[in-house]
Amino acid sequence: MKSPAVSVFLYRLFMLACPPQFRREYREQMTADFEDIVRSERRHNGIAAAWLASIRAYADLLATGWAEYAAAFGSNAAQAWRFMAKSPGSSTVIIATLAIAIAANAIVFGFVNALILRPLPYVAPERLVAIQEYFTNEPAISGSSLQDSMDWAQRNRVFDGLAAYTSTEFVETGKGEPQRIEGMRVTSDYFHLAAVKPSLGRAFSPRDMRPGAPHVAVISDALWHAQFGAAPSAIGSVLRLNDRSFTVIGVAPAGFQAPGSFGNPAPHVWAAFRTDDASRGARNFETAARLRPGVSVGAAQADVDRMMSQLARQFPQDDRGSFARIVPLRQAYFGDVSSLVPLILGAMFCLLLIACANVANILLSHASSRSREVAVRLAVGGSRGTIVAQFLAESLLYSAVGGALGIALTAIALHAIRALPFPEGIRAETIGIDAQVVAFCFVIVALAAIFAGVLPAATLARTDLTVALKSAEHGSPGRVQKATRGALVVLQIVLAVTLVFASTLLVRSLMSLSSVDPGFDYARVALSDTEQMPRGARTDRERAAYGSAVLHAIRAVPDLRSAALIAETPLTASGGYNWGFSIVGQGRRARMQIASFNVVTPRMFDVFGLRALRGRLFGSGDSLSSQPVVVVNEAFAQTFFRSADALGRRLRVNGVSRRIVGVVPSYKIDSLMQPAPPQFFLPFAQSPLTTFSLVVRSGASLSTIGREVTGAWRSVDPEIPRIDVKSYSGAVSIQTLISQMEAGLFSALAIVALLLAATGVYAVMGYSVSQRSHEIGIRIALGAGAGTVILLVLRTAFALIGIGIAAGLVISAFAGRLLQSMLYSVGPDDVLTFAAVVVVIGTVGFVASVIPAARAARQDPVTALRYE
Amino acid sequence: MKKTDVREMLPLGSTMFYILLTLASGERHGYAIIKEVDDTTAGAIKLSPATLYRLIKQLLADAWIDEVPTDADDDPRRRYYRLTSQGRDIAKAEARRLADLVRVARARHLLPSAAL
């Protein structure tokens, strides 16, 4: 009778579900029986019954395979558990090592995941893009113009919602003491962009933006509860904000995450811009848009390019030479930081490898005492596969226990991290253990089990039977094992060198960043929040008069003699502000250029310790009725006038021709890492802006200064809210925050790595000494001194450490290149750093190996020999 | 093995007991066991090869059965198994345990009394 070929083929295929040993043993019999069953079914009950029987047999194979594997794992795990209980000392070390490494990985991942990797908290965030405007001669982002944004919103073919916005602070008056409220000024499409509808009332409409339209606002759910007791009648009521009456038209839903408020305190009021609020040349708004479904960033870029060339033709004065770039919103927020992520993950991975090398080493040292057991098992026909499985079960058990401890450590650490004083805008409350962190831990545990288990398992499985059976009596390791363990130590040292090198570079970079000269002196300088010009002051004359009266009152207080008003405070969150100008006298070549700009009262230079390099500073003689003047910094003079002296030349700013009367030293504005940009200053008295800050150099305490400033200011303007001042150096220190975090993170990883590597060296040297105690005993008996013995042991250690350091330095040279963008004034090939790493690792390696060496030298030769 | 040890093995799984029962009447190869169990249980227990050999593996490991050397003229794929004396003891003990149960069931009138 013909055998049912297809069903037999399938049966053999399903047999793969069973463990190989079982298959080898019973394959032929099972196939024969299967054939008989199918044949008999077919003969007695027909073809359908035969197939039914086949299917039952296939299912039976799957179930049996599963049961066999589960039983094997169970017995392996039970054996691993017995082994663990038998050697509590090494088990503790192994589990602690793994727990530390797993926790370090999970903590860093939890932190990075919460702050960087998680999707932005907006509706369909992957379709949100930022539109950034640039000038061809200005590499930095210049912010976008409200008018340009409005035109994009009307003319584009690719967006489903486009809004410009800026974060601001409103002063609310008319309800007791004036209050500050965080808020945003937005264009009418803002809530459409956010894809969120107000929970009460309506969102903005284009009508709200028309010149002269009544001022309207949407308020946050929190403000609605706080000020209106969550009453529906809040709609239609009036808020006095910045001396204007805003009608409340809507309430944002609870928990609304406002696009554009990223990095700022959560806003509570959104007010609609009116198109008469800003000119096309003012580029100080952010613009974001939502891509229509199916539109790529590239397609959107092409459409924006098309619109920009239209606008450049239409408004050559403002828009020629400007272009716009589409960037996914996520990248706009995290562009710099997210390049860090692979580096951080790489560093964590190094740490994990070091820990696993340690564990592998300890397992190996036990393994050599077990090589007899392995040899016996091999001799009686145990397969090498089962021996590998046994070791993997062991390392999996260790990493599972280590992982459980690690997760507990992570939970504690993340809880502590969340309580750190993060700067406003970093949403630290999302840091914590969540499903992703736990899933990550599982992956790490599995990796750890494989890294730590495979090497000992593979080494042992290659055990040469005769050698093992003979030599195991002395408990001495085979050649392969010795080499493997040496290689593990070298690997640990290589990784430790790399991590220590990277962290040293970052620490050195942080040190030079912290000691960088910003070009101005802000010690003992206090800074107020941004203040608003009262609405009553409509004209430049009224504003100048208001500022002068306020300053006069403040300076009358003895503590506050050295006070000044300034529009843009350098090196703080407010940073720089760019403005267009042209150089008078260049005829038709006079084109619009752009530079950092500031409006200040005369004392500002004094407060920041700046002297005129050439010409003069502003004085009380500069007023609206005197000749318009401008002061420029050294970088401005060099950039725009080259060698020619800028003094006496003229700039056209906002249509007014101004004479350059002085040149001051350049200082850093946006970031400590970037060189000081060209900047020009206008005197407050001639060009008062509607927002400004107060800076004061004083020895008084911040609270005293705040109280005195508030008192003096209220004597001029009782409507002003309480003024709190902060220390300028505190505001600047946020500049180095990212660098501090980078350096801190890598240093912590490097220290753990160093400790783990030291443990590894110590363990291997200690073990090697114990293996050689017989030889050493003979040497001592023959009269070798302690020094000779120590040298003998150290020679082996330093061969390994030397190779590790050499290879580590080569890898460090590459790793340093990856760090380059994070470094300030330190190159990735910094010789001093290389030298420091050699010294640190060399010292740690020396200490870790000299202890076992000294122990060896002290041993009693009689004991060692008798042991034999 | 001592008697107390045999008791500790009980009760046996019904499939395993049927295999022992089958082998109690002589040595069998795998398919013969499958067929005989099918016949004695009137099709209630249909053994599939993988399950059978998983149990055989256990029985061999516990030395309740052993393998019989095959004749040269047999199908080389076939292997024959038979009960060891320990296996027979255990099968007997299980049979006694079941017989006791049946007696109790009769006394409680769960089964018709006597018959045979």
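In what follows, chains are A, B, ... by sequence order, proteins preceding strands, each numbered from 1.
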Fill in: chain B contact via A:Ala53 - side chain, backbone, both or neither, heavy atoms under 4.5 Å
neither
Worksheet entry | Which atoms of A:Ala17 approach chain B - backbone, side chain, both or neither, heavy atom under 4.5 Å | neither
Fill in: Segment of B:Leu60 engaging chain A (4.5 angstrom heavy-atom cut-off)
side chain
Is the closest basic N to carboxylate O distance between [X] and [Y] below 4.0 Å?
{"X": "B:Arg79", "Y": "A:Glu28", "value": "no"}
{"X": "B:Arg54", "Y": "A:Glu68", "value": "yes"}
{"X": "A:Asp33", "Y": "B:Arg78", "value": "yes"}

Worksheet item: When rounded to the nearest 0.5 angstrom, what distance separates OH in B:Tyr31 from CD in A:Glu35?
Response: 11.5 Å
Discussion item. Can you tell me which of A:Arg27, A:Gln29, A:Met15, A:Met30 forms the most heavy-atom pairs within a distance under 4.5 Å of chain B?
Written reply: A:Gln29
Worksheet item: Just checking heavy atoms, which of residues 38-47 of chain B are less than 4.5 Å from chain A?
Response: B:Lys46, B:Leu47
Looking only at heavy atoms, what is the nearest atom pair of [X] and [Y], with distance?
{"X": "A:Ala57", "Y": "B:Ser48", "answer": "CA-OG, 3.8 Å"}
{"X": "A:Tyr26", "Y": "B:Lys57", "answer": "OH-CA, 3.4 Å"}
{"X": "A:Thr64", "Y": "B:Ala50", "answer": "OG1-CB, 3.4 Å"}

Fill in: Contact check, side chains of A:Ile37 and B:Pro49, non-hydrogen atoms, under 4.5 Å
yes
